[in-house]
Amino acid sequence: MPLVEMHDLEKVFETRAGKTWVLRRINLVVHPGEFVTIMGPSGAGKSTLMSIIGMLDGEWTGEYFFSDHPVHKLSNRQRVELHKQYIGFVFQQFHLLDNLTVAENLDLPLSYRNFKKSERQAMVAEMLDKFQIVGKKDLFPTQLSGGQQQLVAVARALIGNPKVILADEPCGSLHSTQGKMIMDLLKRLNDEGTTIIQVTHNEAWAAYARRIVQLADGWIVSDRALAAAG
Amino acid sequence: METLWRDVKYALRLLAKSPGFAAVAILTLALGIGANTAIFTLFDAVVLKTLPVPHPGRLVFFSGHSGEGEEISTPPPAGAWIELSTAAYRYFRDHNRAFSEIAAVRDGETSVAVQRVGEASSGVVNRAVAHLVSGNYFRVMGVQALLGSTLDSSDNRSTAAPAAVLSYGYWKSQFSGDPAAIGKTVILNKTPFTIVGIMPQFFFGERVRKAPDFWVPLVFQPQIELTASRLTDTSDYWLAGIARLKPGETLAHANAIVNVQLRQFLTAQAGGKLSQNDRTRIARTSIQLVPGARGVSFLRENYSLPLEILLVAVGFVLLIACANVASLLLARATGRQRETAMRLAIGASRSRLLRQWLTESMVIAALGSCAGLFLSAWGVNLLVKLLGHGVFVNVHPDLRVLLFTVGAMALTALLFGIAPALRTARVEPILALREHSSVAGGRAARSTLSRAMVVFQVALSLCLLIGAGLLVKSFANLQDQQFGFNPRHVLLVGTNPRIAGYELAQLPSLYLSILDRLNHLPGVQSATIASYAPLSGYGSTGNISVQGRPPLHGEDADAERILVGPNYIETLGLKILLGREIGLQDTAASPRVAMVNEAFVRRFLGGADPIGQRFGFGGRKSSGDLEIVGVVNDAKYHGDDIRHPIQPMVIFAIEQGKYANAPSPFGAQFEIRTVAGAAGVAAEVRRAIEDVAPHLPIGDVSTLRHQVDSNFRETRLTAAVAGLFSLLALSLAAVGLYGLLAYGVAQRTAEIGVRMALGARPSDVFRMVLGNGIRLVVLGLVFGILGALALTRALSSLLYGVGAADPVTFLVTAAILVAVAALACYIPARRAMRTEPAIAMRCE
């Protein structure tokens with residue numbers, strides 16, 4: 001059963017000047033355990049596609065099944081619930097809350113999922129341990145390097161045990177060493193079974209995936225498997 | 001609960017990270033909430049607080065009249081009674097159906113001479129204040145003695161042993177709180193009274209003010225007041241009735257019963273044969289029971305409206321403060337859009353975020369309220385000082401004040417927090433995925449809302465400024481008005497020879513000796529004596545009959561009466577228009593004469609020559625008692641005269657007072673006109689009086705100017721506080737305007753850089769920014785003027801010599817506001833003008 005299945009999905013902005021197509025007849029299937037890179041020039045529709053996959057955007061037409069759930073038929077509230085349950089996001093700008101400590105940042109998504117405090121504490125401790133950042137749990141994001149911040153952001157995306165991690169330019173704000181550390185981490189997570197869909201402009205980071213989907217002017221212009229992961 | 005606590009912690013952390021924002025927001029709210037709490041505390045103390053007695057809601061008074069020391073000595077007055085005679089009180093008491101009990105009190109307090117017996121201080125005469133009450137007074141009030149016992153019904157008997165109950169304050173100050181005071185004897189005006197009880201500290205009586213020193217049974221009225229007995233005189237109306245409703249009884253039903261009884265009483269008094277006039281008079285006579293829960297309060301009567309107006313004014317200040325903080329939060333919300341988007345992206349629901357932002361607002365409001373409470377404590381003290389020296393008002397905050405503050409806090413948080421919270425919650429989570437973007441239209445929408453708030457602030461500020469301006473102008477008009485007398489350089493010295501044991505016959509020589517001495521003091525221009533001074537709050541009226549002129553049907557034949565000594569006209573700065581002044585020649589042995597004012601001539605004498613006309617007080621048989629020898633100009637002797645036509649007035653020689661049914665010549669005031677500042681000769685005047693009469697008690701020493709001004713205290717208070725609030729509102733509005741423009745300039749730095757790179761001159765940029773601000777101010781002015789036109793009508797009763805829509809006040813206050821607003825616009829406009837294009841474009 002595919003994790004993501006899209007049929008003729010389209011996104012359009014209507015302006016006084018007429019319709020502006022952002023995504024055109026998108027047909028995309030992503031299976032559990034895949035590592036997919038979405039590439040394309042600026043304005044190709046990469047981020048829009050990611051936001052639709054992540055159910056942050058509900059204004060589109062076509063069919064979209066997520067883990068057999070017909071997203072196109074769901075209400076906004078149901079989409080939010082589905083998103084909360086199955087999706088983890090990693091952003092280019094990390095988007096950690098500067099006024100929360102590392103541990104509190106990890107705790108945040110759990111608090112929105114109504115876990116009990118004791119459960120949350122255990123899950124945060126486990127994640128800190130897994131990412132070897134126990135010593136940094138009481139630090140604030142501004143006290144960490146960019147790579148460490150993205151590490152925490154990945155940990156935050158994973159803590160709710162999502163089925164898929166959507167990473168939007170996860171290394172876009174990092175220098176190469178830190179970028180490699182993050183990509184290695186994502187690869188390891190993928191090897192452990194987490195589905196990963198990333199957007200990137202960088203060929204080297206794209207090569208970590210097993211499949212590359214190329215977008216241009218809203219169309220999928222190519223969808224190819226890579227022979228070997230980076 | 002855990003979520004709430006986490007949100008609170010996060011809000012505190014955010015505030016700690018932005019101390020500048022926190023300080024401005026908290027201080028702004030502290031000023032708004034503090035000012036509101038201060039005014040409400042005073043409003044609560046003056047208007048809302050009930051008497052500290054059990055079940056105060058069941059207390060009723062037989063009249064809503066708050067005057068005191070008044071006596072009406074005429075046939076039973078028609079209309080709503082303000083006082084009862086002894087006979088009327090006894091009738092109601094003996095025929096009582098609606099009340100648990102009915103008590104009566106003298107409608108005022110009496111100054112008495114006090115001597116202790118059997119102690120070291122024996123023989124020393126002090127002054128104290130006694131209140132005459134019926135024996136069941138304390139039972140009706142529902143209070144028991146702290147020590148000993150209260151008076152009881154047996155004290156109503158004429159044969160009862162003289163007993164007195166002490167107030168807590170007097171017991172503490174004069175008996176050092178010694179429980180052995182019970183059973184001791186004190187001599188009040190030469191009559192020994194046994195102290196039977198001490199009242200608790202909280203009890204001050206039915207009048208909301210400092211408790212009297214003694215409560216004494218009514219039957220000792222002659223001994224306490226040192227006048228003829230009022231206990232048997234059926235035409236002497238001098239008592240206030242107080243009753244406690246039976247459980248389940250309503251005020252309306254009790255009122256109906258009392259009025260039926262009143263007509264029965266009047267019918268019985270008139271005897272069997274009722275003339276048509278009697279029937280008409282009885283039909284027109286009534287008693288209007290009023291709720292007694294909040295006691296009799298002069299302050300409540302005079303300050304309810306001013307305080308209500310100030311509550312509205314201070315509410316405006318709070319709204320302006322809320323608009324300011326909302327603007328700050330909106331700016332902050334714009335900066336937190338990405339955080340919101342991220343929270344939504346990782347699973348937060350919008351309602352959860354809305355709750356979080358509102359919790360943050362609540363934290364700011366709570367901190368503002370705490371700071372506001374401290375400010376309000378200071379503000380309340382200031383307000384009490386503005387009320388005037390010696391005013392008794394219990395401003396200790398109670399549960400109601402606390403609830404008000406908490407309510408103000410919650411409302412405030414909602415008012416300033418809801419718009420930024422809603423704006424934030426509308427952020428789209430997709431924003432988190434975009435690197436350099438903001439919510440479409442978010443900034444523009446924020447800007448529109450912020451601009452609307454500035455317009456709102458300017459409008460409210462102008463309303464307050466105009467209101468305050470009108471009140472300040474009224475106060476100035478009140479002070480500068482023509483009173484008919486000259487209040488400058490007149491010293492007033494109160495005295496009461498009766499307390500020192502003087503007899504009536506001794507008064508003329510006593511007064512003349514003292515006046516002779518005072519007239520020879522350096523710096524004294526002239527001195528006189530009068531039964532009371534103008535605008536002192538005292539007065540005495542009587543029903544007159546003019547010889548040869550039968551009273552007209554339904555005519556109000558009341559005239560004010562005052563006893564005066566020689567040099568009265570010169571000392572007060574009055575004018576003799578016809579005839580002569582009352583002088584030394586007008587003694588007890590000479591023909592009885594009077595001066596009257598112009599209003600008297602107009603009402604009672606028509607076009608006739610007043611000199612030589614005769615009239616009298618107390619019915620037609622006495623219409624030839626007094627001959628008019630002079631006419632003086634109209635002068636304002638009462639607070640009512642300031643806004644209403646002056647009433648007829650009769651001025652007698654103090655030596656002839658007893659023949660004219662006039663008020664007692666014992667309680668009198670020396671009035672001394674000085675060449676320069678009156679207060680400067682006070683010590684010498686006091687010494688001079690002590691030289692002539694060493695035992696004569698000297699009471700209040702004041703100036704006529706001060707006494708006159710005390711009549712305008714409520715206008716002064718309202719003007720001063722409204723002025724303060726309007727300045728506060730203006731400052732907050734200016735800060736809001738400045739903040740909006742400064743933020744706008746900061747946001748548009750790059751745009752300004754581009755404009756300048758394309759050829760805009762600094763003056764163009766200056767005009768652009770200034771124009772943005774001034775446009776908002778002009779819009780605010782329009783709304784403000786419209787609002788003020790609607791709202792200032794509520795001030796009408798407090799205004800004097802100025803209309804509620806006075807164009808000068810409107811123009812001047814609008815000009816002040818524009819000047820301040822222009823300054824607030826100038827600073828950001830100047831900053832924008834100095835933008836360096838190259839640096840500005842790098843910001844982008």
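All chains are named by letter (A, B, ...) in the order of the sequence lines, taking the proteins before the strands, and each is independently numbered beginning at 1.
The two atoms that bring B:Arg13 and A:Asn99 nearest to each other are NH1-O, 2.7 Å, heavy atoms only. B:Gly347 and A:His83 make their closest contact through N-NE2, 3.9 Å (heavy atoms, listed as atom of the first residue, atom of the second, distance).
Heavy atoms from other residues, nucleotides or ligands lying under 6.0 Å from CD of A:Glu192 number more than 12. Around CD of A:Gln143, the count of heavy atoms belonging to other residues, nucleotides or ligands within 6.0 Å exceeds 12. Crowding of A:Asp217 atom CG: a count of heavy atoms from other residues, nucleotides or ligands under 6.0 Å not exceeding 12. Residue A:Glu63 places its CD atom among more than 12 non-hydrogen atoms of other residues, nucleotides or ligands, all under 6.0 Å distant. More than 12 heavy atoms of other residues, nucleotides or ligands shown are found within 6.0 angstrom of NZ on B:Lys17.
For A:Glu169, no part lies near chain B; criterion is any non-hydrogen pair under 4.5 Å. Only the side chain of A:Asp107 comes within contact range of chain B, with heavy atoms under 4.5 Å apart. Proximity to chain B is limited to the side chain of A:Arg156, based on heavy atoms less than 4.5 angstrom apart. Both the backbone and the side chain of A:Leu100 have a heavy atom closer than 4.5 Å to some heavy atom of chain B. With a threshold of 4.5 angstrom between heavy atoms, B:Arg343 approaches chain A through its backbone and through its side chain.
Contact tally against chain A (heavy-atom pairs below 4.5 Å) for B:Arg6, B:Glu339, B:Arg352: the top residue is B:Arg6. Contact count versus chain B (heavy atoms, under 4.5 Å) is highest, among A:Ile87, A:Asp57, A:Leu108, for A:Leu108.
Atoms CD1 and CG, on B:Ile346 and A:Asn105 in that order, are 7.5 Å from each other to the nearest 0.5 Å.
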Are B:Met342 and A:Leu97 close enough, and set up right, to give a side-chain contact (heavy atoms from CB on, under 4.5 Å), and what steps lead you there? CA-CA 9 Å; B:Met342 185 281 297; A:Leu97 290 188; 3.5 Å; yes
Hey, mind stepping through A:Tyr112 and B:Leu353 against side-chain contact (heavy atoms from CB on, under 4.5 Å) and telling me if it holds? CA-CA 10 Å; A:Tyr112 293 140; B:Leu353 289 185; 3.8 Å; yes
